[in-house]
Amino acid sequence: MISTPIDTIRVSAPARLDFAGGWTDVAPFATEATGIVVNAAITLRTRVELVLNTGRYQIASADHGEDTADHIDGFANDGKLALLKAVLRASTLGPCTLHAAADAPAGSGLGTSGTLGVALVHAVDVAVGRSPALPDVAETAWRLETVDAGVAGGKQDQYAAAIAGFQRLQFDRSGTASECINLDGDFARWLGDHIVLCHTGASRVSSATIARVMRGYEQRSPTIVGALHELARLGDAMADALTAGDPAEVARLLLANWHQQQLLDSSI
């Protein structure tokens with residue numbers, strides 16, 4: 001949603017549930033093999049407010065504090081609010097205020113950093129008059145987070161936030177392909193009635209876990225390599241089960257997916 005006047009822009013983007021195949025969207029697995037992830041956008045959102053022409057840079061996150069600078073190069077490269085800083089450095093915006101807040105708790109595992117990136121990129125696009133295709137928004141948000149901000153991760157979060165709905169995402173050396181999964185109406189209602197989302201209060205640093213898992217893949221750990229290939233297979237099967245509206249098969253695949261994820265790292 002975009003507010004008026006035009007110098008204040010408000011954007012939100014959805015978090016996601018990963019039904020199967022998560023981890024297979026992360027390089028180098030995703031660029032050497034074929035990763036398949038099935039996810040769905042949910043109603044928990046990350047919200048960004050961008051106010052232009054404020055005379056000074058101010059960035060803030062409801063979960064991670066705030067920072068100010070007179071010039072864009074005045075922000076320290078200290079890891080604090082790194083994604084917000086990366087987005088502003090890559091933009092052509094002058095001094096502005098950038099605030100972010102998420103409905104989901106910090107560290108919830110719902111891909112909120114990717115969601116934040118998509119909301120930030122879209123806010124800047126609106127500010128400068130760009131209208132890129134949604135996959136391009138996802139790719140830009142992923143690059144800003146992983147390359148510019150230096151936070152390891154895959155692409156499924158950004159694609160879920162940018163495109164929404166249920167998706168089958170395929171990752172390989174040629175790029176990323178998104179396919180919408182159309183659910184039967186009665187089955188979609190059944191899923192809504194039977195999925196429970198709760199916060200345990202515990203968290204992990206996902207980028208550190210991702211780095212360990214992919215290091216194991218690069219070292220060709222048989223356990224990790226085998227689990228990643230099986231996760232991709234389960235992603236493909238999950239897309240079929242959702243399309244067929246088969247609750248028993250969806251449940252079986254969710255459990256099988258969880259067992260494979262547990263093989264990747266002791267922190268999971």
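Atom CG of Asp172 and atom OG1 of Thr34 lie 5.0 Å apart (nearest 0.5 Å). With rounding to the nearest 0.5 angstrom, the CD atom of Glu32 is 8.0 Å from the CZ atom of Arg173. Between the CZ atom of Phe166 and the CG atom of Asn182 there is a distance of 11.0 Å, given to the nearest 0.5 Å. If you take CG on Leu81 and CG on Asp67, they are separated by 6.5 Å, rounding to the nearest 0.5 Å. Atoms CD1 and CG, from Ile9 and Leu50 in turn, are 5.0 Å apart once rounded to the nearest 0.5 Å. Within the model, atoms CG of Leu116 and NE2 of His64 stand 8.5 Å from one another, a figure rounded to the nearest 0.5 Å.
Listed by first and then second residue, the side chain to side chain donor-acceptor pair (under 3.5 Å) pairs involving residues 156-166 are Arg16-Gln156, Arg16-Asp157, Asp18-Gln156, Asn39-Gln156, Glu139-Tyr159, Glu145-Gln158 (not counting sequence neighbours). Sorted by first and then second residue, the salt bridge (Lys or Arg N to Asp or Glu O under 4.0 Å) pairs involving residues 229-245 (not counting sequence neighbours) are Arg168-Asp236, Glu230-Arg233. Residues in residues 123-145 take part in no ring-ring contact (aromatic ring centres under 6.0 Å, His included) pair, two or more places apart or across chains. Every pair passing salt bridge (Lys or Arg N to Asp or Glu O under 4.0 Å) that includes a residue from residues 255-268 is listed here, sequence neighbours excluded: Arg212-Asp265. Residue pairs meeting the salt bridge (Lys or Arg N to Asp or Glu O under 4.0 Å) criterion with at least one partner in residues 124-135, sequence neighbours excluded, are Asp125-Arg130. Pairs of residues two or more places apart, or lying in two chains, that qualify as salt bridge (Lys or Arg N to Asp or Glu O under 4.0 Å) and include a residue from residues 248-257 are Glu249-Arg252.
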Give every donor-acceptor pair under 3.5 Å between a side-chain atom in residues 84-105 and any protein atom, sequence neighbours left out.
residue: Lys85; atom: NZ; partner: Ala76; partner atom: O; Å: 2.7
residue: Lys85; atom: NZ; partner: Asp78; partner atom: OD1; Å: 3.0
residue: Lys85; atom: NZ; partner: Lys80; partner atom: O; Å: 3.0
residue: Arg89; atom: NH1; partner: Asn77; partner atom: OD1; Å: 3.3
residue: Arg89; atom: NH2; partner: Phe75; partner atom: O; Å: 3.0
residue: Arg89; atom: NH2; partner: Asn77; partner atom: OD1; Å: 3.1
residue: Ser91; atom: OG; partner: Leu88; partner atom: O; Å: 2.9
residue: Ser91; atom: OG; partner: Leu93; partner atom: N; Å: 3.2
residue: Asp103; atom: OD1; partner: Arg47; partner atom: NE; Å: 3.4
residue: Asp103; atom: OD2; partner: Arg45; partner atom: N; Å: 2.9
residue: Asp103; atom: OD2; partner: Arg47; partner atom: NH2; Å: 2.8

Show me the donor-acceptor pairs within less than 3.5 Å that the side chains of residues 256-264 make with the rest of the protein, sequence neighbours left out.
residue: Asn257; atom: OD1; partner: Gly21; partner atom: N; Å: 2.9

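Residues passing the salt bridge (Lys or Arg N to Asp or Glu O under 4.0 Å) test with Arg215: none are found, sequence neighbours excluded. With sequence neighbours excluded, no residue satisfies side chain to side chain donor-acceptor pair (under 3.5 Å) with Asp193. Residues satisfying the ring-ring contact (aromatic ring centres under 6.0 Å, His included) criterion with His229, sequence neighbours excluded, are Phe29. Every residue two or more places apart in sequence or in another chain was checked for a side chain to side chain donor-acceptor pair (under 3.5 Å) with His71, and none qualifies.
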Using the rule given for side chain to side chain contact (heavy atoms under 4.5 Å, CB included), can you reason through Trp23 versus Ile224, listing the C-alpha separation, both sets of side-chain angles and the distance that settles it, and then say yes or no? CA-CA 11 Å; Trp23 295 91; Ile224 290 176; over 6 Å; no
Does the pair Leu144 and Leu120 meet the rule for a side chain to side chain contact (heavy atoms under 4.5 Å, CB included), with working shown? CA-CA 10 Å; Leu144 286 166; Leu120 290 168; over 6 Å; no
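No chain of hydrophobic side-chain contacts below 4.5 Å, direct or via other Ile, Leu, Val, Met, Phe, Trp or Tyr residues, connects Tyr217 to Phe171. Clustering ILVMFWY residues whenever any of their side-chain heavy atoms sit less than 4.5 angstrom apart, transitively, puts Leu255 in a cluster other than the one holding Phe19. In terms of hydrophobic clustering, with Ile, Leu, Val, Met, Phe, Trp and Tyr side chains grouped at heavy-atom distances under 4.5 Å, Val128 and Val121 are assigned to a common cluster. Leu44 and Ile163 are assigned to two separate hydrophobic clusters, defined by single-linkage of ILVMFWY side chains at heavy-atom distances under 4.5 Å. Val213 and Val151 are members of different hydrophobic clusters when ILVMFWY side chains are connected at heavy-atom separations under 4.5 Å.
Put simply, the side chain of Thr31 gets close to the backbone of Pro28: a donor and an acceptor are under 3.5 Å apart. Side chain of Thr146 to backbone of Gly153: no donor-acceptor contact under 3.5 angstrom is found.
Two residues are said to be in side-chain contact when any heavy atoms from C-beta on lie closer than 4.5 Å; Leu169 and Asp25 fail this criterion.
Pairing each heavy atom of Lys155 with each of Thr176, the nearest pair is CD-OG1, 3.7 Å. The two residues Leu242 and Leu183 make their nearest non-hydrogen contact at O-CG, 4.2 Å. Scanning all heavy atoms of the two residues, the minimum distance from Ala138 to Ala162 falls at CB-CB, 4.0 Å. Minimum heavy-atom separation, Ala161 to Thr115: CB-CA, 3.8 Å. Summarising the geometry of Val250 relative to Phe187, their closest heavy-atom pair is CG2-CZ, 3.9 Å, with the distance given to 0.1 Å. Nearest heavy-atom pair across Ala141 and Val118 is CB-N, 3.6 Å.
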